[in-house]
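Have a look at the structure below, then the notes.
Counting starts at 1 for both ligands and their atoms, in listed order.
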Amino acid sequence: MFKWLNWKKKDKKNEEEVIEKDLPIVEEELKEEIDEDIMEEELEGEILEEELEEEIVEEEYEYEESIIEKENDEAYDFIEELEEVKETDIEEIIEEAPPKKKGFFEKLKDGLTKTRKDMTDKIDSILKSYAKIDDELFDELEEVLVTADVGVNTTMKLIDRLKDRVREEKTTNPDEIKDLLKEEIKEIMKEPGVGNEIVLDPSPAVILVVGVNGVGKTTTIGKLSHNLKKQGKKVLIAAGDTFRAAAIEQLEEWSNRAGVDFIAHSEGADPAAVIYDGIQAAKARKCDVLICDTAGRLHNKSNLMNELNKIFRVVEREYGEATKEILLVLDATTGQNGINQAKVFKEVAKITGVALTKLDGTAKGGVVIALQSELGLPVKLIGVGEGIEDLQEFKVDDFVDAIFS
Ligand SMILES: Nc1nc2c(ncn2[C@@H]2O[C@H](COP(=O)(O)OP(=O)(O)O)[C@@H](O)[C@H]2O)c(=O)[nH]1
Ligand SMILES: [Mg+2]
């Protein structure tokens with residue numbers, strides 16, 4: 001028993017010695033383990049931190065994205081709202097706009113406002129200032145008519161006829177003069193016996209448009225094409241004014257606006273060659289009306305005559321069967337100058353009618369009366385504005401009524 005105890009004691013001592021010996025090693029190992037753990041944890045911590053940072057960045061990004069999306073949505077809504085407002089505004093504007101277009105006669109009256117003011121208002125005030133009809137009254141009337149570019153000869157003729165009527169009908173009241181004058185003007189304008197209608201039948205037809213620069217040839221061709229197309233006619237325009245490239249482009253623009261065919265060569269080309277091509281194209285495409293623009297350089301009468309004659313020869317030779325109109329375009333604002341141009345063109349071409357432009361901008365509408373009664377040139381078309389709808393067929397009664405209304 002004692003021995004066992006002793007042994008046991010010894011054993012314990014041994015054990016203590018072993019522990020004492022091993023302890024530093026264990027401690028070392030443990031420290032190492034702890035260090036490793038710490039390192040691991042630190043590493044993990046770092047990774048975690050990184051991940052966290054990434055997450056934060058991602059969240060911030062998402063947040064920013066959502067803000068942008070929201071702003072975009074708001075912007076889209078705003079645009080939609082704006083568009084809705086715009087649409088309703090337009091609808092309102094359309095609703096508020098006068099529903100009907102002006103009638104033919106109203107437009108004519110508008111276009112002739114200046115002529116009416118100048119001529120009729122003056123006539124009215126003269127007639128009001130006289131208690132009886134005498135020579136002095138006729139003198140004053142004569143002056144008004146001459147200054148309205150009715151023309152001296154036509155004015156004299158009108159005054160003579162007016163005096164005859166007054167005598168025949170024993171008129172004493174100056175107020176009645178106005179109606180008499182209106183009737184006499186209508187009569188005198190219808191005298192030449194030439195119709196005021198453009199003749200395009202039988203089909204095919206060709207219209208040669210002549211006149212000096214700037215009177216409104218190209219514009220008139222554009223408007224006329226539009227009118228004829230509306231009547232169901234197939235129209236082709238030929239750009240015979242080859243003098244400037246801009247003139248060709250301007251005519252092409254009008255052909256696009258009117259929606260009709262267009263034939264052109266380049267700047268400086270021979271106008272007669274353009275017209276030749278126009279005729280061939282009109283035949284091939286079975287057009288009803290070929291309208292030819294021409295250059296209007298009046299600096300030299302023989303030049304003008306040569307150029308136009310060459311064109312007329314081509315038309316005669318290539319399109320003998322066509323119904324022909326030679327339309328002289330005159331600018332109403334030039335008054336007597338227009339009359340002089342008409343005289344020159346009458347010498348170089350068989351003018352069949354006149355298109356009188358810019359009647360909307362002048363008080364010289366009286367020139368229509370002079371052209372018709374003095375030169376025997378029927379006015380067939382009148383321009384009362386720059387728009388595509390601003391060309392009207394000329395009717396004596398409508399015209400005189402519009403001036404005297
Ligand atoms: N107010 C008004 N201007 C017109 C009329 N016809 C033509 N014009 C204008 O007159 C100018 C000359 O016209 P354009 O056709 O180029 O003349 P062209 O040289 O004879 O071809 C342009 O500015 C046209 O807009 C019209 O009836 N009324
Ligand atoms: Mg032109």
Applying a heavy-atom cut-off of 4.0 Å, say which part of Q392 lies close to ligand 1: side chain, backbone, both or neither. neither

Salt bridge check, R167 against D164: does any charged N sit closer than 4.0 Å to a carboxylate O? yes

Ignoring hydrogens and angles, state whether a donor on the side chain of D331 or Q341 is under 3.5 Å from an acceptor on the partner side chain. no

Which heavy-atom pair separates E307 from A295 by the least distance, and what is that distance? OE2-CB, 3.8 Å

Residues D261, R285: salt bridge by 4.0 Å N-O rule: yes

Measuring from the heavy atoms of V212, does anything fall under 4.0 Å of ligand 1? yes

Out of E197, E325, E393, which residue meets the side chain to side chain contact (heavy atoms under 4.5 Å, CB included) rule with K380? E325

Return yes when G385 approaches ligand 1 closer than 4.0 angstrom through a heavy atom, no otherwise. yes

State whether D149 and K364 are salt-bridged, where the test is any N-O pair (Lys NZ or Arg NE/NH1/NH2 against Asp/Glu carboxylate O) under 4.0 Å. yes

Identify whether the distance between the nearest side-chain nitrogen and carboxylate oxygen of E347 and K343 falls below 4.0 Å. no

Under-4.0 Å salt bridge between D401 and K182: yes

Could a heavy atom of G296 be found less than 4.0 Å from some atom of ligand 1? no

Within-cut-off N or O pair, T218 and ligand 1, under 3.5 Å: yes

Within ligand 1, which atoms have a heavy atom of G383 less than 4.0 Å away? 27 (O)

For atom 16 (O) of ligand 1, what is the nearest protein heavy atom, given as residue, atom name and distance? Q250 NE2, 3.0 Å

Nearest neighbour in protein (non-hydrogen) for atom 25 (O) of ligand 1: E386 OE2, 2.5 Å

Check this for me, if you would: do D124 and K178 make a salt bridge, where the nitrogen-to-carboxylate-oxygen distance has to be below 4.0 angstrom? yes

Between the side chains of D118 and K122, is the shortest nitrogen-to-carboxylate-oxygen separation below 4.0 Å, so that they form an ion pair? yes

Answer yes or no: does an N/O atom from D390 fall short of 3.5 Å to an N/O atom of ligand 1? no

Are any of the N or O atoms of T219 closer than 3.5 Å to those of ligand 1? yes

Kindly identify the option in K358, K217, R244 whose heavy atom sits closest to atom 20 (O) of ligand 1. K217

Looking at V384, which atoms of ligand 1 are within less than 4.0 Å of one of its heavy atoms? 27 (O)

Regarding N213, does it place an N, O or S atom less than 2.8 Å from the Mg ion (ligand 2)? no

Using distance alone, determine whether G216 and ligand 1 share an N or O pair under 3.5 Å. yes

Kindly identify the option in D360, L251, V215, T333 whose heavy atom sits closest to atom 2 (C) of ligand 1. D360

Starting from atom 12 (C) of ligand 1, what is the nearest protein heavy atom, named by residue and atom, and what distance separates them? G214 O, 3.6 Å

